[in-house]
Amino acid sequence: MIVFSGGTGTPKLLLGLKELLAPDELSVVVNTAEDTWISGNLVTPDIDTVLYTLAGIADEEKWWGIKGDSFKTHDFLHSLGIEESLALGDRDRAIHIFRSNLIRRGASLSAAIDALARALCIKQKVVPMTDDPVSTMIKTPSGEMHFQDYWVGQRGTPEVLSLRLKGIENARPSPGFLELLDQEDVVLLGPSNPVTSIGPILALPGVRERLKNKMIVSVSPLVGDRPVSGPAAKFMAACGVPANDEGVRSLLGKVDIFVVDEKSSYQGDCVRMSTLMRTRTESREVAEILLKRIKCV
Ligand code: GDP
């Protein structure tokens with residue numbers, strides 16, 4: 001199975017899936033449109049959360065960074081007058097240095113992630129959606145900015161007029177992504193932001209076409225008609241769709257099994273179950289029910 005992932009909702013589901021599936025039954029294609037360079041290193045927030053989740057070292061409270069990490073370098077840089085746009089932990093930064101050193105020596109993002117996954121003893125396949133630069137840009141009344149500048153720098157407060165994916169027209173799916181599309185029949189669109197996490201993966205040239213003959217399962221990122229966290233509702237409204245499961249469904253396109261939370265007001269054809277994952281036990285329960293449903297079809 002291929003899972004399309006962002007950096008919070010889907011990793012929660014991966015916590016459960018990795019317990020139930022053999023490593024070669026679970027491959028993850030991860031959004032890269034939130035990637036950015038900070039203090040000389042490439043930060044790939046969604047890929048890192050997926051890697052940390054599969055390696056068992058994710059901070060499962062905040063859903064970014066490594067659990068128990070320290071922030072000595074970030075704090076010392078601050079005392080020197082250098083403000084980093086993201087609070088980077090020390091061990092997290094070591095991962096960024098590992099990856100960026102490979103990229104500086106000419107490796108592709110895919111090769112760097114592969115090396116990182118091996119170094120972290122991860123057995124599942126984790127691939128970036130593309131090796132080409134793609135950035136989610138947010139247009140606000142005071143101008144256009146990168147996703148991270150909007151969400152972290154401006155704390156997600158400015159009004160959102162529109163969004164665009166800079167570089168998407170010329171980006172190709174990564175070689176690992178194309179290989180998975182050749183091999184796998186089931187694609188799970190995880191419970192991640194449909195605009196800024198799943199949207200960029202689906203928007204890569206040729207991807208929607210390749211999904212036509214696959215079984216597409218989607219788990220909505222809305223619980224009780226609302227995002228559990230993050231800016232999904234605001235971004236959906238800016239895309240001209242209602243901020244509910246109707247809107248999620250219309251953004252995703254072809255979906256064969258649409259899983260919504262039991263409290264959703266969605267009226268269309270769907271599978272209803274509790275999709276809230278606050279603990280490892282809940283993640284496992286959601287994954288278990290989901291896998292049973294997929295195997296029944
Ligand atoms: P980002 O890359 O950090 O923006 O993270 P994602 O796009 O992967 O995840 C954000 C989305 O995950 C939000 O729209 C949340 O509503 C959704 N989400 C977070 N936790 C849960 C959960 O426990 N269940 C479900 N169904 N969705 C969740």
Side-chain angles (χ1 to χ4, degrees), residues 3-16 30-31 33-34 45-46 49-50 53 58-65 86 136-140 145-165 188-203 217-253 255 257-268 270-279 282-283 285-287 290:
V3 181
F4 287 5
S5 183
T8 306
T10 307
K12 290 182 187 176
L13 183 57
L14 290 172
L15 265 184
V30 195
N31 173 44
E34 294 171 21
D46 290 359
T49 303
V50 168
T53 301
D59 184 324
E60 293 168 23
E61 298 283 318
K62 297 197 300 258
W63 285 102
W64 55 266
L86 293 180
T136 294
M137 304 298 295
I138 318 273
K139 192 169 170 197
T140 74
M145 58 191 84
H146 188 276
F147 173 88
Q148 298 296 357
D149 295 325
Y150 174 80
W151 182 238
V152 183
Q154 304 266 336
R155 297 178 192 281
T157 46
E159 185 191 346
V160 178
L161 300 175
S162 61
L163 296 97
R164 77 180 171 107
L165 291 167
L188 171 62
L189 313 179
S192 282
N193 189 318
V195 179
T196 51
S197 295
I198 305 297
I201 308 178
L202 293 174
V217 183
S218 157
V219 178
S220 171
L222 306 184
V223 170
D225 289 335
R226 287 202 189 145
V228 178
S229 56
K234 211 167 176 177
F235 290 171
M236 288 170 73
C239 291
V241 302
N244 56 25
D245 283 320
E246 202 88 48
V248 172
R249 185 77 179 72
S250 70
L251 287 170
L252 299 179
V255 171
I257 303 178
F258 187 42
V259 179
V260 300
D261 184 66
E262 59 196 1
K263 296 192 198 83
S264 170
S265 63
Y266 185 67
Q267 299 293 316
C270 63
V271 170
R272 282 175 197 280
M273 57 187 265
S274 171
T275 67
L276 186 58
M277 297 169 283
R278 290 162 298 192
T279 60
E282 285 181 343
S283 292
E285 282 166 1
V286 173
L290 189 64

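Numbering starts at 1 and runs along the sequence shown. The basis for the numbers below is simple: all heavy atoms, side chains too, and nothing from hydrogens, waters or symmetry mates.
Side-chain atoms of Pro221 and Pro227, non-hydrogen and from C-beta on, never get closer than 4.5 Å to each other. When side chains are defined from C-beta on, Leu222 does not count as touching Asp261, because their heavy atoms never get closer than 4.5 Å.
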Worksheet item: After noting the C-alpha distance and the side-chain angles of Thr136 and Leu163, does the key distance pass the side-chain contact (heavy atoms from CB on, under 4.5 Å) rule?
Response: CA-CA 7 Å; Thr136 294; Leu163 296 97; 4.1 Å; yes
Discussion item. Walk me through whether Val286 and Val259 qualify under side-chain contact (heavy atoms from CB on, under 4.5 Å).
Written reply: CA-CA 11 Å; Val286 173; Val259 179; over 6 Å; no
Practice prompt. Applying side-chain contact (heavy atoms from CB on, under 4.5 Å), run through Thr8 and Thr49 and close with a yes or a no.
Written response: CA-CA 7 Å; Thr8 306; Thr49 303; over 6 Å; no
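Atoms CG and CG, from Asn31 and Asp46 in turn, are 5.0 Å apart once rounded to the nearest 0.5 Å. Once rounded to the nearest 0.5 Å, the distance linking CD1 of Ile257 with CG of Leu290 reads 8.0 Å. Atoms NZ and OG1, on Lys263 and Thr275 in that order, are 8.5 Å from each other to the nearest 0.5 Å. Atom CE of residue Met277 and atom CG of residue Leu13 lie 5.0 Å apart, to the nearest 0.5 angstrom. If you take NE2 on His146 and CE on Met137, they are separated by 7.0 Å, rounding to the nearest 0.5 Å. Taking CD1 of Ile138 as the start and CG of Leu161 as the end, the distance is 10.5 Å to the nearest 0.5 Å.
When every heavy atom of Thr53 is checked against every heavy atom of Trp63, the shortest pair comes out as OG1-CZ3, 3.5 Å. Heavy atoms only, all atoms of each residue included: Ser5 and Ile198 are closest at N-CD1, 4.4 Å. Minimum interatomic distance between Gly16 and Ala287 (heavy atoms only, all atoms of both residues): C-CB, 3.6 Å. Nearest heavy-atom pair, Ser250 versus Val241, reported as atom, atom and distance to 0.1 Å: OG-CG1, 3.6 Å. In plain terms, the two heavy atoms of Arg272 and Ser264 that are nearest each other are NH1-O, 2.9 Å. Closest heavy-atom contact between Ser218 and Leu252: OG-CD1, 3.2 Å.
Ring geometry, Phe258 versus Tyr266: the interplanar angle exceeds 60°, so the pair is classed perpendicular (tilted spans 30 to 60°).
In this structure a side-chain-to-backbone donor-acceptor pair under 3.5 Å is missing from Asp245 to Val248. Put simply, the side chain of Ser283 gets close to the backbone of Lys12: a donor and an acceptor are under 3.5 Å apart. A donor-acceptor contact shorter than 3.5 Å is absent between the side chain of Ser197 and the backbone of Gly6. A donor-acceptor pair is defined here as one N or O able to donate and one able to accept, closer than 3.5 Å; no such pair exists between the side chain of Trp151 and the backbone of Gln148. At distances below 3.5 Å, not a single donor-acceptor pair connects side-chain atoms of Gln154 with backbone N or O atoms of Asp149. Without hydrogens or angle criteria, Arg164 side chain to Lys139 main chain gives no donor-acceptor distance under 3.5 Å.
Applying the salt bridge (Lys or Arg N to Asp or Glu O under 4.0 Å) test to pairs two or more places apart or on separate chains, none has a residue in residues 220-244.
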